[in-house]
Structure formats: C-alpha cells, structure tokens
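The structure appears right after this line, and notes come after that.
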Protein chains: 2
Amino acid sequence: MTSATADSLDEETSTIADRVFGQVRQAIVEGEIPAGSKISEPALAARYGISRGPLREAMRRLESTNLVERRPNLGARVITLSNDELLEIYVIREALEGMAARIAAERMSDAAIADLKALLEQHRREVARADWQTYFQEEGDLDFHFRIVQGSGNRRLIDILCNDLYHLARMYRCQFGMKSDRAADALKEHELVADAIAERDGELAEWLMRRHIRASRRAIERRLAVER
Amino acid sequence: MTSATADSLDEETSTIADRVFGQVRQAIVEGEIPAGSKISEPALAARYGISRGPLREAMRRLESTNLVERRPNLGARVITLSNDELLEIYVIREALEGMAARIAAERMSDAAIADLKALLEQHRREVARADWQTYFQEEGDLDFHFRIVQGSGNRRLIDILCNDLYHLARMYRCQFGMKSDRAADALKEHELVADAIAERDGELAEWLMRRHIRASRRAIERRLAVER
DNA sequence: ACCGGATCAAGTGTCGACAATTATGACATC
DNA sequence: GATGTCATAATTGTCGACACTTGATCCGGT
C-alpha cells in the first residue's frame with residue numbers, strides 16, 4: 001500500500017480511458033509531466049500508444065479533478081498550484097475533515113479505531129528511527145487523514161477528499177520538498193484526534209482536527225513567507 | 001436570473017460538448033430525463049442532433065458532477081438520489097457553507113453585504129405575499145446561499161458547491177415537491193447569518209449557518225420519516 | 001525600422017465507422 | 001415446466017479522418 005487512493009488504478013481496468021487516466025494522473029502528481037506545461041493531445045496519445053478518443057476522455061476526468069485546466073479551442077495545461085490556491089485547499093480540508101472526524105467519532109467501528117491507533121503506533125516508531133522525514137511526510141500523514149475520512153462513511157465526502165484534494169496535496173509535496181519540521185507536532189495532534197474519536201467525542205474530534213489542519217496551513221504560510 | 005449557477009450555460013458556448021452538457025444537466029435536474037433511467041448514447045446524440053463524441057464528453061462531465069453513474073461496458077444511468085445520499089449532501093453543505101460564512105464575514109465587501117441585505121428584504125416582502133411558497137423554496141433559498149459562498153472568494157469552494165451540490169439539491173426539489181413549511185423560519189435564519197456577517201463576526205456566522213443547514217436537514221429527515 | 005494584414009501550420013473539435021463486450025431471446029435438454 | 005446454452009442484436013469502446021479555430025510567421029506598406 002504505497003498510496004492512499006480511493007479508486008484502484010491497478011493497471012487492469014477494463015477501459016483504456018480509465019487506465020490512461022490513472023497513469024497520467026500519477027505522472028502529473030509525481031511531477032513527471034511538469035506543472036504548467038501545455039498538453040498536446042496527439043503527443044500524449046502517441047506516448048501511451050492510444051488514440052485521441054480515450055485520451056480526451058481521460059483529460060476530461062483530469063479536468064474534473066482539477067489537475068488540468070482546459071480552455072476551448074486552446075488546449076489543456078497542467079495546473080500551476082499557486083500559493084493562494086494551496087491555502088484554499090487547506091481551508092476546505094479544515095471544514096470537510098473536521099466534519100469527517102466528528103462523524104467518525106460517532107460511527108467508526110471499534111475495530112477501525114483499533115487499526116487507527118495501531119497506525120499511529122507505527123508512525124511513532126518510525127519517527128524514532130532515522131528515516132522518518134521521508135516516509136512520514138510523504139505518505140503517513142495522508143494515510144491517517146485517509147482513514148478518518150473513510151471512517152465517516154459519507155461517500156461523497158470520501159470522494160471529494162480522496163479523489164480531488166489529496167492528489168493536489170500530494171502533487172504539491174512532490175513538487176516542492178515539503179521539508180516541514182512539523183512531523184513530531186503533527187503526530188501528536190493525530191494522537192489527540194484519535195483519542196477523541198476513541199472516546200466517541202465528536203465535538204472534540206472536529207475541533208482538534210480543524211486545529212490540526214489549521215496548524216499545517218499556518219506552517220505552509222510561514223514557509224511561503226520565508227521563501228519569498 | 002432564473003437560477004444560481006456558476007458557469008454560464010447561455011446556449012452560446014464555443015464547443016458543442018459544453019452546450020449539450022448544460023442542456024442535458026438541466027434536463028436531468030428538472031426531471032425531464034427521469035432519475036434512474038438508463039441513458040442511451042445514440043438516442044441522446046440523435047435527440048440533440050450531434051454525434052456520439054461530444055455527447056460522451058458531456059456524459060463524462062455529468063459523471064464528474066455526480067449526476068450520472070457510469071459503469072464500464074454497461075452504460076450510464078441517471079443517479080437515483082437515495083434518502084441517505086441526500087442527507088449526506090446536507091452534511092457536506094453544513095461543513096462547507098459554515099466555513100464559507102466564516103470567511104465571508106471576514107472578506108465580503110460592504111457593497112456585497114448591502115446587496116445581500118437587499119436580497120433578504122426582497123424575500124421578506126415575497127413571504128408576505130401569497131405566492132411565496134413557490135418562489136422562495138424554488139430559487140430564493142439557493143440564491144442566498146449562493147451569495148454567501150461567492151462572498152468567501154474561495155474558488156474551489158465555490159466550484160464544489162455551485163457546480164455539484166446545488167444542482168443535486170435542485171434536482172431533489174424538482175423531483176419531490178419540497179413543500180416544506182420552513183420558509184419563514186429559514187428566512188429568519190438567513191437574516192441572522194447576514195447580521196453576523198455584517199458585524200464581521202466570522203465565528204458566529206459559521207455557527208449560525210451550520211445551525212441553519214442542520215435545521216433544514218432535520219426537516220427533511222422528519223418529512224422522510226412521515227412519508228415512509 | 002515598425003506596424004498591420006494575410007498566409008500557413010499546428011492543434012482542437014467533430015464526425016462516421018469498426019471492433020469488442022454485454023444483454024436478450026429462442027431452443028434444446030433435463 | 002424449468003434451466004442451461006447458444007446465437008443474435010444492441011450498445012459501448014475505440015479508431016482514423018476531416019473541418020474549424022487559434023497562433024505564428026512572413027510580407028508589404030508607411
């Protein structure tokens with residue numbers, strides 16, 4: 001389990017359009033196709049050995065997930081996630097994941113909560129080791145949030161976060177180093193959220209989750225201010 | 001200004017796919033194409049006098065807005081908004097619009113706030129008249145929410161609410177009569193939210209907006225329980 | 001030398017047709 | 001009479017080709 005995606009891009013989807021959609025999404029998220037670059041339909045179609053038909057459908061889906069921008073008769077470009085737009089995403093995540101934490105505290109199964117705590121225990125061990133910088137920030141953080149959102153059981157909520165926003169966050173992390181020194185703090189905050197969920201305190205879980213995401217957003221704001 | 005949509009489906013978009021997308025979306029929302037019905041690509045293409053290519057792209061966009069479901073090699077169906085899914089939408093609206101109200105209280109211009117109050121004044125007059133049942137529930141309520149979301153200035157937030165969730169809510173209203181007796185209460189709650197925004201109290205505005213949407217959701221829950 | 005217009009190329013939008021998969025119906029068998 | 005199987009038909013997925021728009025380049029005029 002390398003990534004935290006909702007749909008399976010497991011290379012063996014029935015239709016070509018869906019498969020190439022997953023492939024080019026991964027290519028964009030991981031920076032293989034650079035941000036802001038114009039996408040030529042014939043070029044990409046040739047690259048993946050398919051026709052322009054399925055590729056156009058894949059592009060439509062990419063557009064719906066806000067990874068590419070299209071303007072009529074002008075073509076598609078990979079989005080350039082501006083600083084403001086990145087912060088906007090964190091605002092939405094604060095609202096949505098806060099609600100997800102509240103509902104998860106009410107509806108998550110005891111087994112799922114136990115799994116969640118086990119995940120955090122694993123993260124704690126990894127933070128103690130030397131290579132925690134890379135792993136934790138890369139995937140571990142999203143894995144935690146992913147489970148909370150799944151715990152809400154709200155399908156549309158899961159869809160919005162896992163199919164749109166998380167890919168954008170991952171894209172940002174792959175593009176800039178995201179060498180935040182907040183890993184230890186973030187883990188601590190994760191544990192507080194998990195505790196609130198375990199105690200079935202939805203109000204507190206939402207408050208803590210929103211506070212956590214707000215802190216992440218402020219860390220990014222500080223980093224952006226320094227870089228400038 | 002009949003509806004509260006973000007994008008202009010003004011019949012004169014450059015590409016056919018975009019135009020037919022707006023047309024079939026309206027047809028679905030207003031019930032012209034019944035919910036749960038299977039969509040035949042050749043039939044719809046012939047109906048709008050276009051080929052299957054643009055229609056397929058329109059279907060992809062409809063799928064991304066969660067108005068139709070597609071399964072590979074099996075075709076597309078108009079979604080049947082189950083009661084649970086309708087309630088899920090209100091949960092998301094509570095989180096998102098609450099945040100929108102908070103930000104709007106901080107960033108909305110004084111002119112926009114004045115317009116908002118004028119809109120509520122107009123609604124108040126219409127409630128006093130005889131035909132308030134039809135208009136207010138049909139469009140007036142969404143108009144208010146639409147302005148608050150616009151006031152947040154968060155483009156992605158605006159996109160999620162106006163291009164996805166509001167159409168689903170409208171679809172539900174067109175399908176079932178939505179003859180709620182909450183119009184007067186809702187107007188009162190709208191005014192409280194507007195007051196909080198005018199006083200630049202984001203915390204209160206969010207709390208009131210969430211309370212308002214929660215009340216709407218509970219009204220629907222009660223109505224569903226009775227119908228059953 | 002600079003600006004405006006026309007020509008040309010590249011790329012997107014659209015169309016019709018073919019291939020593959022799935023649903024449907026009849027027929028034979030148990 | 002019910003069930004399993006096969007053949008047919010309909011629909012979706014995919015492809016290649018054509019029309020139109022956009023942008024650039026080149027030429028001529030001032």
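Throughout, protein chains are lettered first and strands after them, A, B, ... in sequence-line order, and every chain is numbered starting at 1. Computed from heavy atoms alone, side chains included, the values below leave out hydrogens, waters and symmetry copies. Predicted, not measured: the structure shown is a model, and the values here were computed from it.
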If I take atom CZ in residue A:Arg56 and atom P in nucleotide D:dG16, what distance separates them, rounded to the nearest angstrom?
16 Å
Going by atom types alone, do A:Ser216 and A:Arg182 pair a side-chain donor with an acceptor below 3.5 Å?
yes
Rounded to the nearest angstrom, tell me the gap between atom CZ in A:Arg61 and atom P in D:dG13.
12 Å
Using a cut-off of less than 4.0 Å, is there contact between a side-chain N or O of A:Thr15 and OP1 or OP2 of D:dT14?
yes
Rounded to the Å, how far apart are A:Asp18 CG and D:dT14 P?
8 Å
Kindly state each residue pair satisfying side-chain hydrogen bond (donor to acceptor under 3.5 Å, both in side chains) with at least one member in residues 106-115 of chain A, sequence neighbours excluded.
A:Asp110-A:Arg200
Could you tell me how far apart B:Arg52 (CZ) and D:dT11 (P) are, to the nearest whole angstrom?
10 Å
Kindly determine whether B:Asp141 and B:His190 satisfy side-chain hydrogen bond (donor to acceptor under 3.5 Å, both in side chains), including the steps that lead there.
CA-CA 9 Å; B:Asp141 178 64; B:His190 286 181; 3.1 Å; yes
B:Arg77 CZ to C:dA23 P, straight-line distance once rounded to whole Å
11 Å
What integer distance in Å separates A:Glu57:CD from C:dG13:C1'?
14 Å
May I have the distance from B:Ile50 (atom CD1) to C:dT14 (atom P), rounded to whole angstrom?
8 Å
With DNA chain D as reference, determine whether B:Glu41 or A:Gly53 sits nearer its 5' end, using the nearest nucleotide of each.
B:Glu41
Expected output is a numbered-order residue list: members of residues 65-72 of chain B with a heavy atom under 4.0 Å from any atom of DNA chain C. What is it?
none
Is there a side chain to side chain contact (heavy atoms under 4.5 Å, CB included) between B:Glu221 and B:Asn83 once you walk through the steps?
CA-CA 9 Å; B:Glu221 280 179 336; B:Asn83 297 339; over 6 Å; no
What's the CG-C1' distance between B:Leu74 and C:dA23, to the nearest Å?
9 Å
When you get a sec, tell me which of C:dT14, C:dG13, D:dT14 is the closest nucleotide to the side chain of A:Pro54?
D:dT14
